[in-house]
**Q** 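First the structure, then my questions, so here it is.
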Amino acid sequence: MSSSRWRVVTWNVRGSASPDLAVVARVVADVSPDVLLVQEIRRGQARTLARLLGWNLGWARKHHPYSPALPWLSEGLAIVSPHRLIDQHHRSISPGVSTWIYRHRIVVASTVERGSDRLRVYDTHLASGAAADERIAQARRVADLVIGEGAPHRIVGGDLNAAGEREVIREFHRAGLRDPGGGPTHPSIAPTRRLDHILIPAASRLLEQHEPDGGQAWWEISDHLPVTVEFELAP
């Protein structure tokens with residue numbers, strides 16, 4: 001693989017439904033990405049997935065859906081890669097919303113270090129349901145972070161919950177990112193809505209954009225389909 005090429009997968013694995021992580025790992029390993037962005041995954045699940053893949057892991061809590069006496073059920077976002085992960089942090093993008101409810105949202109950032117190459121990646125999960133204004137505001141906060149950090153090569157991926165909402169995607173244009181397009185990702189049994197995105201550098205060349213067709217086997221893993229994007233950075 002050329003050093004300027006990167007392959008990225010994003011997947012909401014619906015951790016609360018206890019997906020078969022061995023199956024998740026096999027799917028990911030078959031695609032062989034440089035980095036995997038995961039939403040709705042518990043810390044223990046993220047550790048198990050990283051162990052099955054033999055990869056490096058960064059995880060951050062999004063919210064506590066249950067009692068604080070059950071911290072292992074807290075839901076979060078993960079960045080997993082066969083390459084070194086450095087300079088990781090996370091930030092709330094839903095100010096004023098308690099971390100004890102599902103409406104709390106975050107973005108997780110990490111740099112993937114592949115030899116002498118670096119790619120700054122941002123994993124996020126925007127507001128669900130009819131909250132379009134919330135999604136736009138959250139996307140703006142993520143874009144502000146991307147711009148503020150100023151990494152020369154960066155991508156944003158995750159469950160943006162933005163089915164047909166160009167206003168959400170446009171927030172990332174000023175960060176130099178574009179949407180390469182793609183098909184529906186939800187519900188995975190018979191997908192009709194595109195909720196999951198990977199936004200790539202505007203000047204990059206798209207080499208691959210793929211999501212499965214869906215069906216019962218995918219539904220048994222998650223209600224979302226994984227999205228794969230491969231791109232080549234401009235020289």
Side-chain angles (χ1 to χ4, degrees), residues 1-15 19-41 46 49-50 52-58 77-83 85 108 110-112 114 117 119-126 153-163 169 172 177-215 217-234:
M1 181 180 291
S2 167
S3 62
S4 65
R5 294 186 177 191
W6 293 88
R7 179 174 290 180
V8 182
V9 171
T10 186
W11 200 356
N12 181 328
V13 298
R14 191 171 56 171
D20 187 331
L21 296 174
V23 174
V24 173
R26 285 197 297 271
V27 171
V28 173
D30 284 346
V31 176
S32 190
D34 291 291
V35 62
L36 166 68
L37 310 179
V38 192
Q39 304 84 48
E40 291 192 28
I41 190 167
L49 179 59
L52 289 168
L53 289 165
W55 290 5
N56 299 306
L57 168 69
L77 283 71
I79 297 175
V80 195
S81 176
H83 311 296
L85 296 173
V108 182
S110 187
T111 297
V112 181
R114 189 185 68 190
D117 298 318
L119 182 68
R120 189 69 171 162
V121 300
Y122 299 86
D123 183 13
T124 195
H125 185 182
L126 304 185
H153 304 304
R154 63 269 187 116
I155 60 104
V156 172
D159 179 357
L160 303 188
N161 275 312
I169 304 302
F172 297 101
L177 300 174
R178 66 181 174 93
D179 179 8
T185 62
H186 183 272
S188 58
I189 193 167
T192 58
R193 300 188 300 160
R194 183 165 172 246
L195 302 184
D196 306 273
H197 297 70
I198 298 171
L199 308 177
I200 63 176
S204 64
R205 182 166 70 97
L206 180 66
L207 303 174
E208 177 188 1
Q209 199 291 331
H210 174 76
E211 55 281 316
D213 293 332
W218 290 103
W219 179 256
E220 291 172 2
I221 306 172
S222 174
D223 56 339
H224 289 249
L225 294 171
V227 173
T228 301
V229 167
E230 185 175 354
F231 62 94
E232 184 173 40
L233 293 170

**Q** Quick one: does D159's side chain have a donor or acceptor within less than 3.5 Å of a partner on H125's backbone?
**A** no

**Q** Evaluate the criterion side-chain contact (heavy atoms from CB on, under 4.5 Å) for residue pair V27 and W218; output intermediate values, then yes/no.
**A** CA-CA 10 Å; V27 171; W218 290 103; 3.9 Å; yes

**Q** Is there a side-chain contact between F231 and P180 in this structure, where contact means two heavy atoms from C-beta onward sitting under 4.5 Å apart?
**A** no

**Q** For I169 and L160, run side-chain contact (heavy atoms from CB on, under 4.5 Å): C-alpha distance rounded to whole Å, both residues' side-chain angles, the deciding distance at 0.1 Å, then the answer.
**A** CA-CA 9 Å; I169 304 302; L160 303 188; 3.9 Å; yes

**Q** Is R114 reaching over with its side chain to a backbone N or O of P82, donor-acceptor style, under 3.5 angstrom?
**A** no

**Q** Could you check whether any side-chain heavy atom of S188 comes within less than 4.5 Å of a side-chain heavy atom of I221, counting everything from C-beta outward?
**A** no

**Q** Rounded to the nearest 0.5 Å, how far does CG of D20 lie from CD of E220?
**A** 10.0 Å

**Q** Is a side-chain donor or acceptor of Q39 paired with a backbone partner of N12 at a separation under 3.5 angstrom?
**A** yes

**Q** Backbone N or O of Y122 within a donor-acceptor pair of the R154 side chain at under 3.5 Å?
**A** no

**Q** Would you call the rings of H83 and W6 parallel, tilted or perpendicular, where under 30° means parallel and over 60° means perpendicular?
**A** perpendicular

**Q** Answer yes or no: is there a side-chain heavy-atom contact under 4.5 Å between R178 and L206?
**A** yes

**Q** Please say which of V23, L52, L36 ends up in a side chain to side chain contact (heavy atoms under 4.5 Å, CB included) with V28.
**A** L36

**Q** Looking at Q209 and G182, what are the two nearest heavy atoms and their distance?
**A** OE1-CA, 3.4 Å

**Q** Taking D34 for the side chain and R7 for the main chain, is one N or O donor matched with an acceptor at less than 3.5 Å?
**A** yes

**Q** Do side-chain atoms of T185 reach the backbone of H224 as a donor and acceptor pair under 3.5 angstrom?
**A** no

**Q** Search all heavy atoms of P184 against all heavy atoms of T192 and return the closest pair with its distance.
**A** CB-C, 3.6 Å

**Q** Taking all non-hydrogen atoms of both residues, which atom of L177 and which atom of I155 are closest, and how far apart?
**A** CD2-CA, 4.3 Å

**Q** E40 and V13: which non-hydrogen atoms are nearest, and at how many Å?
**A** O-CG2, 3.7 Å

**Q** If only atom types and distance count, is the side chain of T124 paired as donor or acceptor with the main-chain N or O of G158 below 3.5 Å?
**A** no

**Q** CZ/R205 to CD1/I200 distance, rounded to the nearest 0.5 angstrom?
**A** 11.0 Å

**Q** Please answer whether the main-chain N or O of L207 pairs with a side-chain N or O of E230 as donor and acceptor at a distance below 3.5 Å.
**A** no

**Q** Drop me the distance from S4's OG to L119's CG, to the nearest 0.5 angstrom.
**A** 11.5 Å

**Q** Which residue pairs satisfy the ring-ring contact (aromatic ring centres under 6.0 Å, His included) criterion with at least one member in residues 189-212, sequence neighbours excluded?
**A** none

**Q** Could you state the interatomic distance from CZ (R5) to CG (L233), rounded to the nearest 0.5 Å?
**A** 11.5 Å

**Q** Does the side chain of D179 come within less than 4.5 Å of F172's, by heavy atoms?
**A** no

**Q** Answer whether the closest heavy-atom distance between the side chains of V112 and L85 falls below 4.5 Å.
**A** yes

**Q** Measuring from R26:CZ to L21:CG, what's the distance to the nearest 0.5 Å?
**A** 11.0 Å

**Q** Work out which heavy atom in G214 is nearest to a heavy atom in L225; give both atom names and the distance.
**A** CA-CD2, 3.9 Å

**Q** Which pair of heavy atoms, one from T10 and one from I198, lies closest together, and at what distance?
**A** CG2-CG1, 3.6 Å

**Q** For I79, run the side chain to side chain contact (heavy atoms under 4.5 Å, CB included) check against V35, V38, L57 and tell me which one passes.
**A** V35

